[in-house]
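For reference, the structure is listed below as structure tokens.
Throughout, a chain's letter reflects where its sequence line sits, starting with A, and its residues are numbered from 1.
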Amino acid sequence: MTTSDVELPGFADLGLGEPILKAIADAGYTHPTPIQAGAIPAVLAGRDVIGIAQTGTGKTASFTLPMLHILAHGRARARMPRSLILSPTRELATQTAANFETYGKYLNLSMALLIGGVGMGDQEKALEKGVDVLIATPGRLLDWFERGKVLLGGIQILVIDEADRMLDMGFMPDVERILNLLVGRRQTLLFSATMPPGVRRIIERFLQDPATIEVARPATLAENVEAVFVPVSGRDKRRALVKLIAQQAVSKAIIFANRKREVASLNRYLQSVGLNARDIHGDLEQVHRQATLDAFKADQVDFLVATDVAARGLDISDMPVVINYDVPFNPDDYIHRIGRTGRAGRSGRAFTLETPEEAKSVAAIEKLTGKPVRRLELPGEEPVTNGAKPAKPARERRPRREAANGEPRPAASRRGRAPAAMPSSRPAARRPAAKPEPLPEAPVVAFGDHIPRFLLRPVPVATPSKAKAG
DNA sequence: AAAAAAC
């Protein structure tokens, strides 16, 4: 069933109880999104549900709201949680927990968040007291189970969130193991952006007569996102990236790279040219990851350099731009990365740097999306000889103070200046240009050649990380 | 080719 073209009811029409409706109203929402309008009545009716939807569609509330309603009465026993939500990443689990807090504030329900990378003391205390809602990543949940601190026999509602991602990440054996620990009849809700065979198998084995709610076809790009590919030589991709940021007047973006080490060193580079950047990837401490994410959400950080840990699930609202520094190996990841922008019908822009070596990955994306990619040429992006210094501009003048330098910005964005470690950082780099150049209508268009001066100066040498061969 | 997740 597709609900996207149906007139939407208000939240009050969905059968949710007063305390929940009040919390929804407090949060400022009046009308459910299509996935919520479809899923909430089905969950309240006690049905198993398959939700085919990406984050940004209101997916999380489509299960938290009816779960709160169902769990509102009754009490949890020690170590016997009444519901379980499985998430692929710690960050997504944390967000889901926040969602339960928001909408459950007028209910007296207890919750525990079982994720790795954080201390076990609080988790144990919560489990001992008994929880109505248990939100977990598979590894830590099984850890607790093996310690005998959590029993899964009392689960009435199970949610498998981002099932396709669980599959990609190799969690399915763990998920199946957890599913087999549940006993008796319970309600199962499964959410997934795509439906690969591994996910279908889980559905066939563990869901009964599910209602399917689909709100967006998985491999389609949102109409409101302008996605363009930017051919680069690959010799000096970092410089090309900074040039792109300046030319397109990108003031806030998630920048994806394929490897953790690349993310880390790209982050240092962006900081060294004066951009307010931070990185997030799986080798960083959990507290650090969360702090970075919070700072980014609070507009204290302009550029989040990330691995695919941030590609899916994370609810970062109103992300205007996504940049792929690398073309993702897997075309599904492309869809998910791009899905960070253009949420809730807002317009968004997505840029993907593309070296000749990445042609295969680009072809895979074209195949998946079913349309040829649009290209945008950056001026001066012809291949450079290895090791050569960037050419000096013909007319070298003292760099003009970019007008944008003094441009007003929201106060919140002014915090978190360029790190002190970069004495050479130039403020001009932070506010590249006043207005974005319009994107081309035609597939291939060269841009005007306005490039802020600072970009034409020789760039500080990249970090001395060893490019290890073999 | 990578990333993600338990210690």
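Regarding A:I115, its CD1 atom lies at a distance of 8 Å from the P atom of B:dA6, rounded to whole Å. Taking atom CZ on A:F171 and atom P on B:dA3, their separation rounds to 14 Å, with Å as the unit. Between the CG atom of A:D279 and the P atom of B:dA3 there is a distance of 13 Å, rounded to whole Å.
When each of B:dA4, B:dA5, B:dA2 is scored by its nearest atom to the side-chain atoms of A:D333, the top-ranked nucleotide is B:dA2. Checking B:dA6, B:dA2, B:dA4 against the side-chain heavy atoms of A:D308 singles out B:dA2 as nearest. Closest to the side chain of A:T137, from the set B:dA6, B:dA2, B:dA4, is B:dA6. Checking B:dA2, B:dA6, B:dA4 against every side-chain atom of A:R259, the shortest atom distance belongs to B:dA2. Candidate nucleotides B:dA4, B:dA6, B:dA2 were compared by shortest atom distance to the side chain of A:R90, and B:dA6 ranks first. With B:dA6, B:dA5, B:dA1 as the choices, the nucleotide that has an atom nearest any side-chain atom of A:T89 turns out to be B:dA5.
Note on A:K360: every side-chain N or O is 4.0 Å or more away from OP1 and OP2 of B:dA1. Side-chain nitrogen and oxygen atoms of A:R177 include none within less than 4.0 Å of the OP1 or OP2 phosphate oxygen of B:dA6.
The residue A:R289 sits close only to the backbone: its heavy atoms come under 4.0 Å of sugar-phosphate atoms, none of a base. Counting non-hydrogen atoms under 4.0 angstrom, A:G117 reaches the backbone sugars and phosphates but no base.
For the pair A:E124 and A:R147, the salt-bridge criterion is not met [side-chain N within less than 4.0 Å of a carboxylate O].
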Report all side-chain donor-acceptor pairs from residues 112-122 of chain A shorter than 3.5 Å, counting only partners two or more places apart or in another chain.
none

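Legend: residues meeting side chain to side chain contact (heavy atoms under 4.5 Å, CB included) with A:I24, ordered by chain and number and at least two apart, are A:F11, A:L16, A:I20, A:L21, A:Y29, A:L65, A:Y103.
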